[in-house]
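Single-structure report; data block below.
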Amino acid sequence: MQTPLSQEQTRVLGALIEKQLTTPEYYPLTLNALLAACNQKSNRQPVVAYDADTIQRALEALRGHGLAREIHDPAGRVPRFGHRANAVLGLDAPQVAVLCELLLRGPQTVSELRSRASRLHNFNSAAQVEEALAELAGREEGPLVRRLERRPGTREERWAHLLAGEPAAESSVAPSPAQPTRTELEARVTRLEEEVARLRAELDELIGGQASS
């Protein structure tokens with residue numbers, strides 16, 4: 001590809017591929033369904049909070065690359081969107097499954113890819129994942145993935161996709177745990193308050209029962 005994709009574009013493309021493989025009954029996706037797919041918290045790294053305008057711009061850019069298409073169903077009321085990664089990039093099923101996981105979750109080891117991409121394609125062994133990665137890395141048209149240098153303290157190299165250009169250099173320092181958002185903290189406080197109220201009511205009931213006896 002001549003122009004690297006942005007983070008938003010790689011997330012949209014990865015979400016389109018994922019939903020085609022995991023929930024084909026809902027594919028192609030409406031804009032709202034694609035927005036939810038991009039912002040979901042499971043199987044995503046990083047977790048994002050895009051708005052509809054961001055998704056729309058990413059779709060337009062992907063369509064310019066030939067990687068996405070808009071589908072107008074005469075019986076439908078809203079347009080739907082699909083991807084063309086297999087055709088444009090010349091990918092087979094194992095390759096597109098591995099690439100999809102890299103788009104959605106960033107650099108990963110072969111073991112991680114085998115575990116996570118198995119929901120998209122049935123990999124019977126790590127060797128099959130390695131074969132798909134080798135094919136993606138050795139393409140005559142240009143590699144789509146690259147093996148990264150092993151990080152200190154790790155036993156396996158990780159692989160990264162190249163659709164957004166060369167991956168940024170990684171720090172050898174382990175990242176600090178993600179801090180909970182204000183919304184998550186408020187939800188925790190609410191659950192704790194509800195739990196305290198329940199326990200207090202049970203205690204009052206217990207005390208009242210003992211007093212009456």
Side-chain angles (χ1 to χ4, degrees), residues 1-40 42-73 76 78-108 113 116-117 119-121 123 129 131-148 159-168:
M1 294 180 55
Q2 297 294 326
T3 306
L5 303 183
S6 67
Q7 177 184 317
E8 294 82 5
Q9 293 161 24
T10 58
R11 175 58 59 88
V12 168
L13 180 59
L16 287 172
I17 296 172
E18 177 196 46
K19 297 308 178 185
Q20 181 196 28
L21 298 176
T22 58
T23 56
E25 65 273 21
Y26 299 115
Y27 180 87
L29 303 181
T30 65
L31 183 62
N32 286 338
L34 181 55
L35 176 64
C38 290
N39 291 343
Q40 74 179 54
S42 61
N43 302 312
R44 301 288 185 270
Q45 182 61 37
V47 173
V48 298
Y50 296 152
D51 57 25
D53 288 340
T54 299
I55 301 297
Q56 191 70 61
R57 289 193 297 270
L59 281 168
E60 291 173 1
L62 289 171
R63 290 172 65 188
H65 288 292
L67 291 171
R69 59 194 179 108
E70 184 175 344
I71 302 164
H72 292 278
D73 183 358
V78 295
R80 292 176 175 268
F81 302 92
H83 74 90
R84 302 187 65 247
N86 300 59
V88 172
L89 301 176
L91 306 179
D92 60 19
Q95 293 167 7
V96 79
V98 167
L99 184 61
C100 177
E101 282 298 327
L102 292 175
L103 290 171
L104 293 176
R105 305 184 84 157
Q108 297 166 70
L113 284 169
R116 295 165 177 171
R119 66 196 179 95
L120 309 175
H121 178 77
F123 289 102
V129 177
E131 181 181 357
L133 287 167
E135 291 168 349
L136 289 168
R139 290 162 39 99
E140 293 183 0
E141 307 91 330
L144 293 180
V145 302
R146 183 168 72 80
R147 182 163 46 194
L148 305 178
W159 289 79
H161 74 81
L162 300 177
L163 289 182
E166 285 291 327

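- Looking only at side-chain heavy atoms (C-beta outward), His161 and Arg146 stay at 4.5 Å or farther from each other.
- Closest approach of Ala132 to Val98, counting heavy atoms only: CB-CG2, 4.1 Å.
- A donor-acceptor contact shorter than 3.5 Å is absent between the side chain of Arg63 and the backbone of Ala68.
- For the atom pair Leu163 CG and Leu102 CG, the distance stands at 9.5 Å (nearest 0.5 Å).
- Of all non-hydrogen atoms in Ala52 and Leu35, the two that sit nearest each other are N-CD1, 4.1 Å.
- Side-chain contact between Cys100 and Leu21 is absent, with no heavy atoms from C-beta onward closer than 4.5 Å.
- Shown here for Ala15 and Leu34, the closest heavy-atom pair between the two residues is CB-CD1, 4.0 Å.
- By the 4.5 Å heavy-atom criterion applied to side chains, Asp51 and Ile55 are not counted as neighbours.
- Distance alone, capped at 3.5 Å, is enough to place a donor-acceptor pair between the Thr30 side chain and the Ala33 backbone.
- Taking SG of Cys38 as the start and CG of Leu16 as the end, the distance is 7.0 Å to the nearest 0.5 Å.
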Stepwise side-chain contact (heavy atoms from CB on, under 4.5 Å) test for Leu113 and Phe123: CA-CA 10 Å; Leu113 284 169; Phe123 289 102; over 6 Å; no
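- Contacts of His83 classified as side-chain hydrogen bond (donor to acceptor under 3.5 Å, both in side chains), with partners at least two apart in sequence or in another chain: Gln20.
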Test log, rule side-chain contact (heavy atoms from CB on, under 4.5 Å), inputs Leu5 and Leu62: CA-CA 8 Å; Leu5 303 183; Leu62 289 171; 4.0 Å; yes
side-chain contact (heavy atoms from CB on, under 4.5 Å) evaluation trace for Glu60 with Gln56: CA-CA 6 Å; Glu60 291 173 1; Gln56 191 70 61; 3.9 Å; yes
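- With Arg80 contributing its side chain and Leu29 its backbone, the two residues share no donor-acceptor pair below 3.5 Å.
- Side-chain atoms of Thr10 and Gln7 include no donor-acceptor pair closer than 3.5 Å.
- For the pair Ile17 and Leu120, the minimum side-chain heavy-atom distance is 4.5 Å or more.
- Shortest non-hydrogen contact noted between Ala58 and Val12 is CB-CG2, 3.7 Å.
- Contacts classified as salt bridge (charged side-chain N to carboxylate O under 4.0 Å, His left out) and involving residues 11-29 (residues at least two apart or in different chains) are given here: Glu18-Arg44, Glu18-Arg119.
- Side-chain contact between Thr54 and Arg57 is present, with heavy atoms from C-beta onward closer than 4.5 Å.
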Contacts table for residues 86-94: side-chain donor-acceptor under 3.5 angstrom, sequence neighbours left out:
| from | atom 1 | to | atom 2 | distance (Å) |
| --- | --- | --- | --- | --- |
| Asp92 | OD1 | Gln95 | N | 3.0 |

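- Remark: Tyr27 pairs with no residue by the ring pair (Phe, Tyr, Trp, His ring centres under 6.0 Å) rule, at least two apart or across chains.
- When every heavy atom of Ala97 is checked against every heavy atom of His121, the shortest pair comes out as CB-CB, 3.7 Å.
- Counting heavy atoms from C-beta on, the side chains of Phe81 and Ile71 never come closer than 4.5 Å.
- For Ala137, the side chain to side chain contact (heavy atoms under 4.5 Å, CB included) criterion is met by Val145, Trp159, not counting sequence neighbours.
- Side-chain contact between Val78 and Asn32: absent, with no pair of heavy atoms (C-beta onward) separated by less than 4.5 Å.
- No side-chain heavy atom of Leu144 sits less than 4.5 Å from a side-chain heavy atom of Leu162.
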side-chain contact (heavy atoms from CB on, under 4.5 Å) evaluation trace for Leu67 with Arg84: CA-CA 5 Å; Leu67 291 171; Arg84 302 187 65 247; 5.7 Å; no
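- Heavy-atom minimum distance, Gly82 versus Pro28: N-CB, 4.3 Å.
- Of the possible polar contacts, none joining the Gln9 side chain to the Ala61 backbone as a donor-acceptor pair under 3.5 Å is found.
- Evaluation of the side-chain hydrogen bond (donor to acceptor under 3.5 Å, both in side chains) rule for Asn43 yields Arg105 as partners, not counting sequence neighbours.
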